[in-house]
Amino acid sequence: MKDFYTDLHIHIGRTWKGKPVKITGSKTLTLENILHTASVKKGLDIVGVIDCHSPEVLEEMASLIQEQKLTQLDGGGLRYKNTTLIPGVEIEVNDDHCLGPIHVLAFFRSWQAMREFSAWMQHYVKNMNLSTQRIRCDAVTLQHKVHALSGIFIPAHVFTPFKSAYGKGVKKSLSEVFDMEQIDAIELGLSSDTDMVKGISELAKYTFVTNSDAHSLGKMAREYQKIHMQAPTFDELQKALKEEEGREILTNYGLNPLLGKYHETACADCGYRTSLSPCPNCGGKHLVKGVAVRVKELTDTHQNLRKRPPYIHQVPLDFIPGIGKKTIEKLLLTFGTEMRILHEVSKEDLEEVVPTKIAALIDKGRNGQLSLITGGGGVYGKVKTE
């Protein structure tokens with residue numbers, strides 16, 4: 001058994017022919033660039049790319065397989081250099097049971113299964129080329145289809161105020177929309193962590209995943225997990241999410257929720273942190289309820305219902321003041337990958353490459369010891385300049 005670093009929520013900005021997939025995604029966020037960055041720069045063992053339903057992305061995957069740049073694994077997933085690709089899709093559900101739109105993730109073990117799901121999905125979606133499209137079927141029907149193809153189904157960033165289950169999709173319980181037995185894990189999102197949500201009893205049965213929701217190459221692995229399993233394959237991942245045969249998530253790594261852009265309640269008009277309406281800053285009457293407030297509303301127990309893996313508050317390199325692209329490239333040139341820098345390289349070795357002050361900030365950032373300014377109202381929190 002070994003440990004594997006895994007980020008399961010990465011978008012595609014453009015196809016290999018330059019067409020948009022995730023409109024807000026970077027133009028450099030192509031499938032092959034994602035795989036190269038994950039393998040060579042980030043040091044990720046597994047990536048879930050969640051726009052693989054798009055016909056041109058499927059076409060590109062087929063071409064990479066033919067060129068033998070991608071190899072389909074017996075245990076599911078496709079291997080590119082040092083990284084396994086798990087093909088997936090993010091979908092927006094808004095059926096009669098939803099109070100508002102909900103984003104969900106689905107993953108499949110092979111190119112063929114992804115293609116079959118895409119062919120089914122096109123009957124329920126207006127534009128198959130774009131990311132996170134509204135599907136014209138109910139959530140349970142979608143869950144059943146995903147599992148009929150032996151897929152993995154995960155509600156996405158469940159606490160964010162917009163387009164998430166607890167944010168705007170349900171009043172109190174996921175059971176209002178989903179078949180609870182066909183949820184394979186829960187994605188927490190950037191503004192929450194394990195400790196915050198431990199008092200929501202209906203979540204005790206599910207494994208938590210922490211993913212980047214990257215819209216650019218640099219944001220990959222801003223949240224991820226270390227998973228203990230036999231090999232970096234789809235089948236092993238599926239076992240780990242169910243905690244079967246010794247497979248499990250060992251550690252979740254993520255931003256301190258204070259850095260999340262929806263952590264605190266804020267004015268929707270000016271971004272001022274306040275719970276008062278009208279806003280004392282601009283007089284606006286529309287508030288974006290913070291994740292911290294929503295979690296308190298949903299908390300229904302003070303008992304510790306389940307032992308969870310550690311959740312390490314880790315600040316990505318590009319969040320740290322004074323660390324720009326040149327510094328990151330210098331670090332990567334010396335140490336290889338971001339995972340090595342964050343997990344293996346000593347502070348003393350860092351000081352051989354970058355100034356002592358920068359080395360100290362990196363060390364504090366990877367151990368959750370930096371001082372922070374809280375985020376809210378759609379604006380990310382920041383690391384205080386020390």
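Linking ILVMFWY residues whenever their side-chain heavy atoms come closer than 4.5 Å, directly or via other members, leaves L73 and L70 in distinct clusters. Neither I10 nor L130 shares a network with the other; the hydrophobic side chains, linked directly or stepwise wherever heavy atoms of I, L, V, M, F, W or Y lie under 4.5 Å apart, form separate groups for each. Under a hydrophobic clustering in which Ile, Leu, Val, Met, Phe, Trp and Tyr are joined whenever their side-chain heavy atoms come within less than 4.5 Å, directly or via other members, L372 and M196 fall into the same cluster. Residues W111 and M121 share a single hydrophobic cluster, defined by chaining ILVMFWY side chains whose heavy atoms lie under 4.5 Å apart. Using a 4.5 Å cut-off between side-chain heavy atoms of Ile, Leu, Val, Met, Phe, Trp and Tyr, with links allowed through other members, L317 and V345 fall into the same hydrophobic cluster.
Within the 4.5 Å cutoff, the side chain of T207 has heavy atoms near those of the E243 side chain. A heavy-atom distance below 4.5 Å is not found between the side chains of K41 and I328. Between M1 and R247, some side-chain heavy-atom pair lies under the 4.5 Å cut-off. A heavy-atom distance below 4.5 Å is found between the side chains of V146 and F108. Annotation: side chain of Q112 is in contact with side chain of Q72 (closest heavy-atom distance under 4.5 Å). Looking at heavy atoms from C-beta onward, F117 lies in side-chain contact with V89 at the 4.5 angstrom threshold. In this structure the side chain of I102 never reaches within 4.5 angstrom of the side chain of N94, judged on heavy atoms. Between K205 and E181 there is a side-chain heavy-atom pair separated by less than 4.5 Å.
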Quiz prompt | Worked verdict on R222 versus L190 for side-chain contact (heavy atoms from CB on, under 4.5 Å) | solution = CA-CA 9 Å; R222 61 180 171 180; L190 302 183; 3.5 Å; yes
Practice problem: For T251 and Q225, run side-chain contact (heavy atoms from CB on, under 4.5 Å): C-alpha distance rounded to whole Å, both residues' side-chain angles, the deciding distance at 0.1 Å, then the answer. | Solution: CA-CA 6 Å; T251 312; Q225 43 266 306; over 6 Å; no
Quiz item: Which is it for T132 and E90 under the side chain to side chain donor-acceptor pair (under 3.5 Å) test, yes or no, and what are the steps along the way?
Solution: CA-CA 5 Å; T132 324; E90 184 174 37; 3.1 Å; yes
Exercise. Walk me through it: do H97 and D138 pass the test side chain to side chain donor-acceptor pair (under 3.5 Å)?
Key: CA-CA 8 Å; H97 304 289; D138 63 89; over 6 Å; no
Self-check item: Verdict with reasoning, D51 to S54, per side chain to side chain donor-acceptor pair (under 3.5 Å)
Solution: CA-CA 6 Å; D51 292 319; S54 181; over 6 Å; no
Practice problem: In sequence, state the C-alpha distance, the side-chain angles, and the governing distance for N367 and Q314, and then conclude on side chain to side chain donor-acceptor pair (under 3.5 Å). | Solution: CA-CA 6 Å; N367 293 304; Q314 195 174 83; over 6 Å; no
Self-check item: Criterion side-chain contact (heavy atoms from CB on, under 4.5 Å) on V288 and T265, from CA distance to verdict
Solution: CA-CA 6 Å; V288 178; T265 300; over 6 Å; no
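Atom CZ of F335 has more than 12 neighbouring heavy atoms from other residues, nucleotides or ligands inside a 6.0 Å radius. For K145, the NZ atom counts as densely surrounded, since its 6.0 Å shell holds more than 12 non-hydrogen atoms of other residues, nucleotides or ligands. By the 6.0 Å contact criterion, CG on D74 is open, its count of non-hydrogen atoms from other residues, nucleotides or ligands being 12 or less. Heavy-atom contacts from other residues, nucleotides or ligands closer than 6.0 Å to NZ of K27 number 12 or fewer.
To the nearest 0.5 Å, the span separating OG1 on T83 from CD1 on I34 amounts to 11.5 Å. Taking CG of L85 as the start and OG of S39 as the end, the distance is 12.0 Å to the nearest 0.5 Å.
The aromatic rings of Y124 and W120 lie tilted to each other, with the angle between the two planes from 30° to 60°. Between Y224 and H343, the ring-plane angle classifies as perpendicular under the 30° and 60° cut-offs.
Aromatic pair Y262/F162: ring centres closer than 6.0 Å. The ring of H313 has its center closer than 6.0 angstrom to the ring center of Y311.
Of the residues listed (T84, T233, T71), the one engaging R79 in a side chain to side chain donor-acceptor pair (under 3.5 Å) is T84, and it is the only one. Across K171, K172, K289, a single residue satisfies salt bridge (charged side-chain N to carboxylate O under 4.0 Å, His left out) together with E297, and that is K289.
Look at E248 and K242 and you find no salt bridge, because none of the NZ, NE, NH1 or NH2 atoms lies under 4.0 Å from a carboxylate O. A salt bridge between K219 and D318 is present, with a side-chain N of the basic residue lying under 4.0 Å from a carboxylate O of the acidic one. Ion pairing of E56 with R14 is absent here, as no side-chain N (NZ or NE/NH1/NH2) approaches a carboxylate O to less than 4.0 Å. Ionic pairing of D235 and R109 is present here: one or more N-O contacts between side-chain nitrogen and carboxylate oxygen are shorter than 4.0 angstrom.
Inspection of the N211 and E223 side chains reveals no N or O donor paired with an N or O acceptor under 3.5 Å. Using a 3.5 Å distance cut-off with no hydrogens or angles, the side chains of D184 and H147 do pair a donor with an acceptor. In summary, the side chains of D7 and S212 do present a donor paired with an acceptor at a separation below 3.5 Å, with no hydrogens or angles considered. T160 and H157 are linked by a side-chain donor-acceptor pair at a separation below 3.5 angstrom, with hydrogens and angles left out of the test. Between the side chains of T356 and E351, no donor-acceptor pair of N or O atoms lies under 3.5 Å.
Think of L276 as one node in a network of Ile, Leu, Val, Met, Phe, Trp and Tyr side chains linked at under 4.5 Å; it has no links at all. Within the hydrophobic cluster formed by Ile, Leu, Val, Met, Phe, Trp and Tyr side chains joined at under 4.5 Å, directly or through other members, V209 is accompanied by F4, L8, I46, I50, I86, L105, F107, I152, I154, I227, M229, F234, L237, L241, I249.
Nearest approach of V57 to C52, heavy atoms of both residues: CG1-CA, 3.7 Å. The shortest non-hydrogen separation linking L350 to A359 is CB-CB, 3.8 Å. Taking every heavy atom of both residues into account, V158 and S164 meet most closely at O-OG, 3.1 Å. The minimum heavy-atom distance between M180 and L174, with the atom names listed, is SD-CB, 3.6 Å. Between K198 and D195, the closest heavy-atom pair is NZ-OD1, 3.0 Å. Heavy atoms only, all atoms of each residue included: A185 and P155 are closest at O-CD, 3.3 Å.
Evaluation of the ring-ring contact (aromatic ring centres under 6.0 Å, His included) rule for F208 yields no partner, not counting sequence neighbours. Applying the ring-ring contact (aromatic ring centres under 6.0 Å, His included) criterion to H215, with sequence neighbours excluded, gives H11. In this view, T301 satisfies the side chain to side chain donor-acceptor pair (under 3.5 Å) rule with no residue, not counting sequence neighbours.
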Tell me which donor-acceptor pairs under 3.5 Å the side chains of residues 58-68 have, and how far apart each pair is, sequence neighbours excluded?
{"residue": "E59", "atom": "OE2", "partner": "K17", "partner atom": "NZ", "Å": "2.9"}
{"residue": "S63", "atom": "OG", "partner": "E67", "partner atom": "OE2", "Å": "3.1"}

